[in-house]
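First the structure, in the form of structure tokens, and then the observations on it.
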Protein chains: 2
Amino acid sequence: MTEAELKSASELTRERLIAAAREVFSQNGFQGATVREICRRAEANVAAVNYHFGGKDGLLAEVLNFAPLKALQAANATTSACPRERLQLFIHDFIHMLLDEQHASLQCQIMARELADPTPALDQIVRDAVAPLHEFLGNLLREIGGKSLSEAQLRRSVYSILGQCMFYRNSHPVLLRLNPKLRYDHREINAIAAHIGEFSLAGIAHLAQAD
Amino acid sequence: MTEAELKSASELTRERLIAAAREVFSQNGFQGATVREICRRAEANVAAVNYHFGGKDGLLAEVLNFAPLKALQAANATTSACPRERLQLFIHDFIHMLLDEQHASLQCQIMARELADPTPALDQIVRDAVAPLHEFLGNLLREIGGKSLSEAQLRRSVYSILGQCMFYRNSHPVLLRLNPKLRYDHREINAIAAHIGEFSLAGIAHLAQAD
DNA sequence: TTTACTTTCAAACAGTCGTTTGATACGCTT
DNA sequence: AAGCGTATCAAACGACTGTTTGAAAGTAAA
């Protein structure tokens, strides 16, 4: 923003609250997060959340932002690469979005958490983000697998890819205990993405040729 | 139990509490579950949980039971089937354990929930159930993939399979919204297991031959 | 029946939660 | 400087949470 210095104090606290909420929601989930902790990190009063967002629910809705996920799909659709390369690119970008702690896309990490544990915002998340994502990935796999893939095979292959990606996020606490020196740096993330890409392309190729 | 009529009233309330706790924990997670709701379903007093189990944590530890998961691995290891068939059998049994709502193995569904959201019992779960499971699956994949699979490839292939299986449980709320008529009956569960088996065997075969 | 022990119960406790309140301080126009 | 709408604040509210308490009820041996 070039007009950063024009922002009112009110806008600044709003943004501090959103930033803090992204941290706390992504770390503790919606249920586990407390507005007091969010306000403490934002150096704001406890009442600020209700004043600016109408409540904890309103803050969650404001915090969710599907733009990075949309941008990922848009960028992917406009490349000139072949479908198989586009799948590997998608997996690469998606895994980065889910795991990379530096490159803050906490919004998607929050979303990933809420998928398993319904919150007031789950319907919105599914409608605006998850459904389009599944459709996008389905279309991409259709290009790769051709017409020999049944609708059920296509749908389940989408699940297989998303399941592999989400595993690293959802099971992070477990993987850390199994392998304490695990770190999601760029090298590790790229290796994970490459693995899922190869593994899945082989799986799809097999399904497409089998019948 | 043949000595059911011999059980004291105290033992009966203990068992009612455990059964109720399995339901509530598997539906709402450990955080979301309340001892009052558990006691209400068990038709017991609120203080019963503390009297019999020392607290909510103690009840969780008592509720967790890894016997079904161990039995699955033991049965799998003693078949005379080839490694590829054993993998498909494992996936079939594992998916059934995670998804089948009739055949009550709520213990494993509770465990699956807690993997993403650390609770006081996570260390115990990882040590006694998850680590042996990963090792078991790793050994099985080693038999299938041979020596050409690197340790990293082997480990990530284990993650790929578990990730695909867990996806159907962790993303159940989402999948229900995407496809309201989805039901995890035996036909659907068998189809899911067959898909993951084929998909994964192709992926492993590709990794094993690629280098 | 008396005794000693275990189990249940209603009630309350101490703490945290999200939210509300009414007063105070601020930024702005007039 | 006065006035006005906005934003912040400490404090409290009511509704939960897991847990504790002490009395009542039940159980079984002496």
Side-chain angles (χ1 to χ4, degrees), chain A residues 3-25 27-64 110 113-114 117-122, chain B residues 3-25 27-64 110 113-114 117-122:
Chain A
E3 59 236 358
E5 61 274 19
L6 297 183
K7 282 172 185 160
S8 69
S10 168
E11 284 174 304
L12 288 176
T13 53
R14 266 186 66 101
E15 290 175 10
R16 287 205 316 276
L17 281 171
I18 290 180
R22 276 203 244 266
E23 283 185 24
V24 180
F25 282 149
Q27 287 173 12
N28 306 99
F30 181 73
Q31 268 199 117
T34 71
V35 310
R36 281 178 169 83
E37 170 67 11
I38 293 171
C39 292
R40 201 183 58 74
R41 292 205 202 183
E43 302 187 56
N45 188 272
V46 221
V49 164
N50 286 276
Y51 180 79
H52 286 284
F53 304 99
K56 192 185 178 185
D57 292 14
L59 179 55
L60 174 63
E62 203 79 15
V63 154
L64 290 173
I110 297 168
R113 281 203 67 128
E114 310 307 328
D117 202 4
T119 70
L122 182 56
Chain B
E3 58 240 357
E5 61 274 20
L6 297 184
K7 281 172 185 160
S8 69
S10 169
E11 284 174 303
L12 287 176
T13 53
R14 266 186 67 101
E15 290 176 10
R16 287 204 317 275
L17 281 170
I18 290 180
R22 276 203 243 268
E23 283 185 25
V24 180
F25 282 149
Q27 285 172 13
N28 306 99
F30 181 74
Q31 269 198 113
T34 71
V35 308
R36 280 178 169 81
E37 170 67 12
I38 292 170
C39 293
R40 201 184 57 75
R41 292 205 202 184
E43 302 187 57
N45 188 272
V46 222
V49 164
N50 286 275
Y51 179 79
H52 286 283
F53 304 99
K56 193 184 178 186
D57 292 14
L59 180 55
L60 174 63
E62 203 78 15
V63 154
L64 289 173
I110 297 168
R113 281 201 68 129
E114 310 307 329
D117 200 4
T119 70
L122 183 57

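So that the names make sense, note that chain A is the first sequence line, chain B the second, and so on, each numbered from 1. Treat the numbers as computed from the prediction; the structure is a model and nothing was measured.
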At a cut-off of 3.5 Å, list every protein nitrogen or oxygen paired with a nitrogen or oxygen from nucleotides 20-28 of chain C, distance to 0.1 Å.
none

Query - Closest nucleotide among C:dT7, C:dT19, D:dG18 to the A:K56 side chain - result: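 Of C:dT7, C:dT19, D:dG18, C:dT19 is nearest to the side chain of A:K56.
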Query raised in the report: Which of the following nucleotides, D:dA7, D:dT8, D:dA12, is nearest to the side chain of A:R36?
Result: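 It is D:dA12.
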At under 4.0 Å, does any side-chain N or O of [X] touch on OP1 or OP2 of [N]?
{"X": "B:S10", "N": "C:dT7", "result": "yes"}
{"X": "A:T34", "N": "C:dT16", "result": "no"}
{"X": "A:H52", "N": "D:dT8", "result": "yes"}

From [atom1] of [X] over to [atom2] of [N], roughly how many Å is that when rounded to an integer?
{"X": "A:E15", "N": "D:dA7", "atom1": "CD", "atom2": "P", "value": "14 Å"}
{"X": "B:Q31", "N": "D:dC16", "atom1": "CD", "atom2": "C1'", "value": "15 Å"}
{"X": "A:L59", "N": "C:dG18", "atom1": "CG", "atom2": "C1'", "value": "12 Å"}
{"X": "B:D57", "N": "D:dG18", "atom1": "CG", "atom2": "C1'", "value": "10 Å"}
{"X": "B:E37", "N": "D:dA15", "atom1": "CD", "atom2": "P", "value": "19 Å"}
{"X": "A:N28", "N": "C:dT16", "atom1": "CG", "atom2": "P", "value": "16 Å"}
{"X": "B:R14", "N": "C:dT8", "atom1": "CZ", "atom2": "P", "value": "11 Å"}
{"X": "A:I38", "N": "C:dT19", "atom1": "CD1", "atom2": "P", "value": "11 Å"}

Distance in Å, [X] [atom1] paired with [Y] [atom2], rounded so as to fall on 0.5 Å steps:
{"X": "B:L60", "Y": "B:I110", "atom1": "CG", "atom2": "CD1", "result": "7.5 Å"}
{"X": "A:R14", "Y": "A:I18", "atom1": "CZ", "atom2": "CD1", "result": "5.5 Å"}
{"X": "B:L12", "Y": "B:L17", "atom1": "CG", "atom2": "CG", "result": "11.0 Å"}
{"X": "A:R113", "Y": "A:T119", "atom1": "CZ", "atom2": "OG1", "result": "11.5 Å"}

Requested in this report: Would you sort out whether B:E37 and B:R40 count as a salt bridge (charged side-chain N to carboxylate O under 4.0 Å, His left out), showing the intermediate values?
Outcome: CA-CA 5 Å; B:E37 170 67 12; B:R40 201 184 57 75; 3.2 Å; yes
Report task. Report, as yes or no, whether the 6.0 Å neighbourhood of atom CD on A:Q27 holds more than 12 heavy atoms from other residues, nucleotides or ligands. Result ->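 Yes, the 6.0 Å shell around CD holds more than 12 heavy atoms from other groups.
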Report task. Determine, stepwise, if the pair A:F30 / A:D117 fulfils side chain to side chain contact (heavy atoms under 4.5 Å, CB included). Result -> CA-CA 9 Å; A:F30 181 73; A:D117 202 4; over 6 Å; no
